[in-house]
Amino acid sequence: MSDFVIKRPIDFDLEQTLECGQCFHFEKIAEQDYVLTAYNRALHIAQKDDELVFYNTDKSDFDNIWKMYFDLDRDYEAIKKELLKADPKLAEAIEAKWGVHLLNQSFFETLISFIISQNKQIPHIKKIVADISAKYGDLLYEDSSRKLYAFPSPKQLENVTVEDLKELKTGFRAPYIKDAIDRVLALEFSGTDEASFRAFFDKLSPEETIAELTKIKGVGLKVASCVSLFALNKREAFPIDVWIKRIMEAKYFDGKDTKIPVIEKFAKEKYKDLGGYAQQYLFYYARSLKINKL
DNA sequence: GACCAGGTCAGAC
DNA sequence: GTCTGACATGGT
C-alpha cells in the first residue's frame, strides 16, 4: 500500500492534537512523527512542512476513518473566531495552542481511558492503556523498537476480573473498569460495535448522556463530560478537572477557590455549544504553563 | 519523603 | 444538600 498525502489544514498541528491530553494511545517516533491506534487500526503519520503523510494508507481508509478521527472537515477558523468574540480572554490560549483539533475517538476506549485517568498523570495513563491493549487487544503495528496493540473490545474484556485489572496497576479503579465493561455489554444495543454506541448516544441530549454514563460506578461528571466531548461528538461539554479549575479561577474568579458547578454555569453561558473547544485550548495551555496555585 | 495527578464514592454533618 | 477522607500508583 502506498502513502496518502494531504495538504495540512491551516488550523491543524499533529503534535498539538496528539499531545494535548485528549488521547492516550500513541507513541512518538520523532518530531511530528507518530504511530497511533484507533478504531482497531494502526496509523503511522507525520507532518512535514505543510503536508500530512499517512503512511501505508489508502484513500478509502482516509475517507472512512482518519478524516473523521482527526476532525479534518471542521472549520476551526470559524470556531476560534466565535470563541474570541464570546471571550477575548481566550486569545493567549488559542494563539499558543492554535493547532489542536478535537479527535473523534471510539466510545469504549475513551470511556475506559478516562476512568483510568482519575487522579493520575498522563504518562501513567498512557502506560496503563498500552498495557491493557497489549494483554487483551490484537497486535496492529510492529517496527524495530515498538509494538502497538488495538484497545480491546468490550467482548474481549468480557471475562476479565477485578484481580486481572489490578495486576495492570489500575488500583482502586479496577472495580470501576469492571463495572463499565459489564454495563456496556449489558446495554441493549443492537451490538457492541462503534456504530451502535453512536446510534444510542446520538439520540440523547447532553444531559441525558451524562446521566446515562454516570450510572457506571467510577464515572462522575468529569469523566462523563470527557467521554461526551472526545468520543460522542458532544462539543458543548466542558469537563472540569484540576487544571481547568485552576486556570478558570485565575482568569475569571480573581484567583479565588470556586465550586465546580459555578465554573460550569459560567462556562456554559460564555461558550455555549463551543465549550469543549474552549476547554481544550485552556486545558492544554494551563498545563504547558504549569500554572500552580496562586 | 511529602505532595500531586485530566476524580469519585461513601459517610458524616 | 455540602464537605471530607480514602482510595493505588508513579512522577517530581
Side-chain angles (χ1 to χ4, degrees), chain A residues 16-26 93 97 100-103 105 107 109-132 135 151 160-183 210-232 234-235 237-251 256-265 267 275-294:
Chain A
Q16 289 182 23
T17 294
L18 292 177
E19 304 275 8
C20 73
Q22 62 180 323
C23 61
F24 306 106
H25 204 165
F26 64 89
K97 304 303 178 188
V100 171
H101 267 210
L102 289 184
L103 299 172
Q105 302 181 65
F107 166 70
E109 172 167 354
T110 306
L111 173 64
I112 302 298
S113 297
F114 278 93
I115 289 174
I116 293 166
S117 80
Q118 57 187 264
N119 243 59
K120 276 207 173 301
Q121 295 181 123
I122 289 172
H124 196 205
I125 301 165
K126 289 177 67 176
K127 177 169 174 18
I128 293 174
V129 169
D131 288 348
I132 289 181
K135 188 160 178 188
F151 193 84
V160 169
T161 65
V162 170
E163 287 66 37
D164 294 332
L165 293 165
K166 283 190 174 167
E167 280 176 24
L168 295 165
K169 307 298 181 189
T170 54
F172 63 82
R173 306 158 194 79
Y176 299 166
I177 298 168
K178 179 64 179 159
D179 190 54
I181 296 164
D182 291 345
R183 282 179 186 271
I210 298 289
E212 185 64 33
L213 291 172
T214 50
K215 287 178 185 169
I216 299 166
K217 189 161 288 223
V219 176
L221 178 58
K222 192 274 176 182
V223 171
S225 299
C226 285
V227 175
S228 296
L229 181 58
F230 299 133
L232 299 176
K234 297 187 190 283
R235 300 283 170 96
F238 192 87
I240 301 173
D241 72 321
V242 290
W243 293 98
I244 287 293
K245 186 166 183 296
R246 258 178 225 151
I247 193 167
M248 293 299 281
E249 286 169 350
K251 268 186 181 294
K256 282 185 233 145
D257 185 38
T258 308
K259 303 298 168 210
I260 287 173
V262 176
I263 298 175
E264 194 193 6
K265 183 164 179 285
Y277 302 97
Q279 192 273 0
Q280 201 55 29
Y281 292 123
L282 285 167
F283 170 79
Y284 193 18
Y285 180 60
R287 210 163 53 91
S288 68
L289 290 181
K290 297 193 194 310
I291 288 185
N292 277 314
K293 285 176 191 160
L294 298 176

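Throughout, protein chains are lettered first and strands after them, A, B, ... in sequence-line order, and every chain is numbered starting at 1. For the numbers below, each heavy atom of this structure counts, side chains included, while hydrogens, waters and symmetry mates do not.
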* Asked: Whole-Å distance between B:dA5 P and A:Ile115 CD1?
  -> 21 Å
* Describe the nucleic acid contact of A:Gly220 in one word from base, sugar-phosphate, nothing, applying a heavy-atom distance below 4.0 Å. => sugar-phosphate
So which protein nitrogen or oxygen atoms get under 3.5 Å of nucleotides 8-12 of chain C's nitrogens or oxygens?
{"from": "C:dA8", "atom 1": "O4'", "to": "A:Phe172", "atom 2": "N", "distance (Å)": "3.3"}
{"from": "C:dA8", "atom 1": "N6", "to": "A:Asn119", "atom 2": "ND2", "distance (Å)": "3.4"}
{"from": "C:dT9", "atom 1": "O2", "to": "A:Lys120", "atom 2": "NZ", "distance (Å)": "3.4"}
{"from": "C:dG11", "atom 1": "O4'", "to": "A:Gln121", "atom 2": "NE2", "distance (Å)": "2.9"}

* List the steps and the verdict of ring pair (Phe, Tyr, Trp, His ring centres under 6.0 Å) for A:Phe24 and A:Phe114. => CA-CA 9 Å; A:Phe24 306 106; A:Phe114 278 93; 5.1 Å; yes
* To do: Using atom CD1 of A:Ile125 as one end and atom P of B:dC4 as the other, report the distance to the nearest whole Å.
  => 18 Å
* Over how many whole Å does the gap from A:Ile210 atom CD1 to B:dG7 atom P extend? -> 15 Å
* May I have the distance from A:Asp257 (atom CG) to C:dT4 (atom P), rounded to whole angstrom? => 10 Å
* Structure fact -> Only one of A:Gln105, A:Lys126, A:Glu109 passes side-chain hydrogen bond (donor to acceptor under 3.5 Å, both in side chains) with A:His25, and that residue is A:Glu109
* To do: Quote, to the nearest angstrom, the P distance that separates C:dG11 from B:dT8.
  => 23 Å
* Asked: Nearest-Å distance, CD1 (A:Ile244) to P (B:dG7)?
  -> 11 Å
* To do: Give A:Leu221 one of three labels, base, sugar-phosphate or nothing, depending on what nucleic acid heavy atoms sit under 4.0 Å from its own.
  => sugar-phosphate
* Touch check for A:Phe230, heavy atoms < 4.0 angstrom, all strands: base, sugar-phosphate only, or nothing? -> base
* **NZ/NE/NH1/NH2 to OD/OE distance under 4.0 Å, A:Lys127 and A:Asp131** => yes
* Calculate the interatomic distance between A:Phe114 atom CZ and B:dA5 atom C1'; express it in whole Å. => 14 Å
* Side chains of A:Gln280 and A:Cys20 in contact at under 4.5 Å (non-hydrogen atoms) -> yes
* To do: Between C:dC3, B:dA5, B:dT8, spot the one nearest the side chain of A:Val223, thanks.
  => B:dT8
* Say you pick atom P in B:dC9 and the same atom in C:dG10; how far apart are they, in whole Å? -> 23 Å
* What's the OH-C1' distance between A:Tyr176 and B:dG7, to the nearest Å? -> 8 Å
* So which nucleotide does B:dG1 pair with, by the Watson-Crick or G-U wobble rule with both distances under 3.5 Å? -> none
* Asked: How long is the line joining NZ of A:Lys217 and C1' of C:dC7, in whole Å?
  -> 14 Å
* Between A:Gly218 and A:Gln118, what is the shortest heavy-atom contact and its length? -> O-NE2, 3.1 Å
* Considering heavy-atom distances to DNA chain B, does A:Pro239 or A:Ile216 have its closest nucleotide positioned more toward the 5' end? -> A:Pro239
* Asked: Considering all heavy atoms of both residues, which atom of A:Ala224 and which atom of A:Leu213 are nearest to each other, and what is their separation?
  -> O-CD1, 3.7 Å
* Asked: What is the distance from atom CD1 of A:Ile115 to atom CG of A:Asp179, rounded to the nearest 0.5 Å?
  -> 8.0 Å
